[in-house]
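Since the structure comes first, as structure tokens, the remarks are kept for the end.
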Amino acid sequence: MKQLSIAAMLLLTIASCQTKGQNQLSDSQNKTEAGTKEKIAIEKLLFSYRDALNASDVSKVLRLYTVQGVFMPANAPTSVGQEQIKGAYEFVFKNIQINIEFFIDEITVIGDFAFLRTTSKGTSLIRANGQTVPEENRELFVLLKENSTWRIARYMFNKTK
């Protein structure tokens, strides 16, 4: 009887280990799938931002920011909140027409926050003189997930050339 008990305990222990290992694998797969889903949503946000910039569409840009978002452009004042961000983009679009493409260097997701590091390349048409100049930047986005939607919480860029 004692041998049966030991054998039964051994089988239960082995079965428990196998189930635990399977659950860990399943958890790992779920996290990977969730991470991939989040990264795809973040890429979609970035490309929506690109499209809004290239269309000089302030209202589309604003929808991509959080209410208390922060925009920190190179060689310009920091804009905090929707009203200041609106004014900053209106100024930008009044002075230049942007035609850029983003290239993703890194996406890191931590809970409801994500960090997106990119570079961009394209051209800017200076409206005052009609001159088209090269545009190359490196960017850092801090994103916040609000109501299941990723939005720009902080955005900073500077020229690479």
Other residues, nucleotides and ligands only: do more than 12 of their heavy atoms fall within 6.0 Å of NZ on K44? no
I need the minimum non-hydrogen distance between N54 and Q97, along with the two atoms involved. O-NE2, 2.7 Å
Do I104 and I42 belong to the same hydrophobic cluster, where Ile, Leu, Val, Met, Phe, Trp and Tyr are linked whenever their side-chain heavy atoms lie under 4.5 Å apart, directly or via other members? yes
Separation between OG1 of T108 and CG of L116, rounded to the nearest 0.5 Å: 9.0 Å
Sequence neighbours excluded, which residues qualify as side chain to side chain contact (heavy atoms under 4.5 Å, CB included) partners of F103? E101, T119, K121
Inter-residue atom distance S48.OG - I152.CD1, 0.5 Å rounding: 9.5 Å
Using 0.5 Å steps for rounding, measure from the CG atom of N99 to the OG1 atom of T132. 9.5 Å
Taking all non-hydrogen atoms of both residues, which atom of T160 and which atom of R138 are closest, and how far apart? CG2-N, 3.7 Å
Check: E135/S120 side-chain N/O donor and acceptor closer than 3.5 Å: no
Sequence neighbours excluded, which residues qualify as side chain to side chain contact (heavy atoms under 4.5 Å, CB included) partners of T149? R151
Check each of E106, R50, E139 against T118 using the side chain to side chain donor-acceptor pair (under 3.5 Å) test, and report the only one that passes. E139
Answer yes if L143 and I110 sit in the same cluster of Ile, Leu, Val, Met, Phe, Trp and Tyr residues linked by side chain heavy atoms under 4.5 Å apart, and no otherwise. no
All N/O donor-acceptor pairs, side-chain side in residues 57-76, below 3.5 Å, sequence neighbours left out:
| from | atom 1 | to | atom 2 | distance (Å) |
| --- | --- | --- | --- | --- |
| D57 | OD1 | S59 | N | 3.2 |
| D57 | OD1 | S59 | OG | 2.8 |
| D57 | OD1 | K60 | N | 3.1 |
| Y65 | OH | Y89 | OH | 2.8 |
| T66 | OG1 | G69 | N | 3.0 |

Is there a path of hydrophobic side-chain contacts, each under 4.5 Å between heavy atoms, that joins V142 and V109? no
Can you measure from CH2 (W150) to CG (L46) and round to the nearest 0.5 angstrom? 13.5 Å
Can you confirm if the aromatic rings of F157 and Y155 lie within a centre distance of less than 6.0 Å? yes
I want to check something: taking the side chain as every heavy atom from C-beta on, are E38 and I107 in contact at a cut-off of under 4.5 Å? no
pair V92-I98: side-chain heavy atoms closer than 4.5 Å: yes
dist T78:OG1 -> Q84:CD (nearest 0.5 Å) comes out at 9.0 Å
Please name the pair of heavy atoms, one in S124 and one in I96, separated by the smallest distance, quoted to 0.1 Å. OG-CD1, 4.0 Å
Is it true that a side-chain atom of E136 and a backbone atom of G122 form a donor plus acceptor pair closer than 3.5 Å? no
Correct closest heavy-atom pair for N95 and F91 would be ND2-O, 2.7 Å
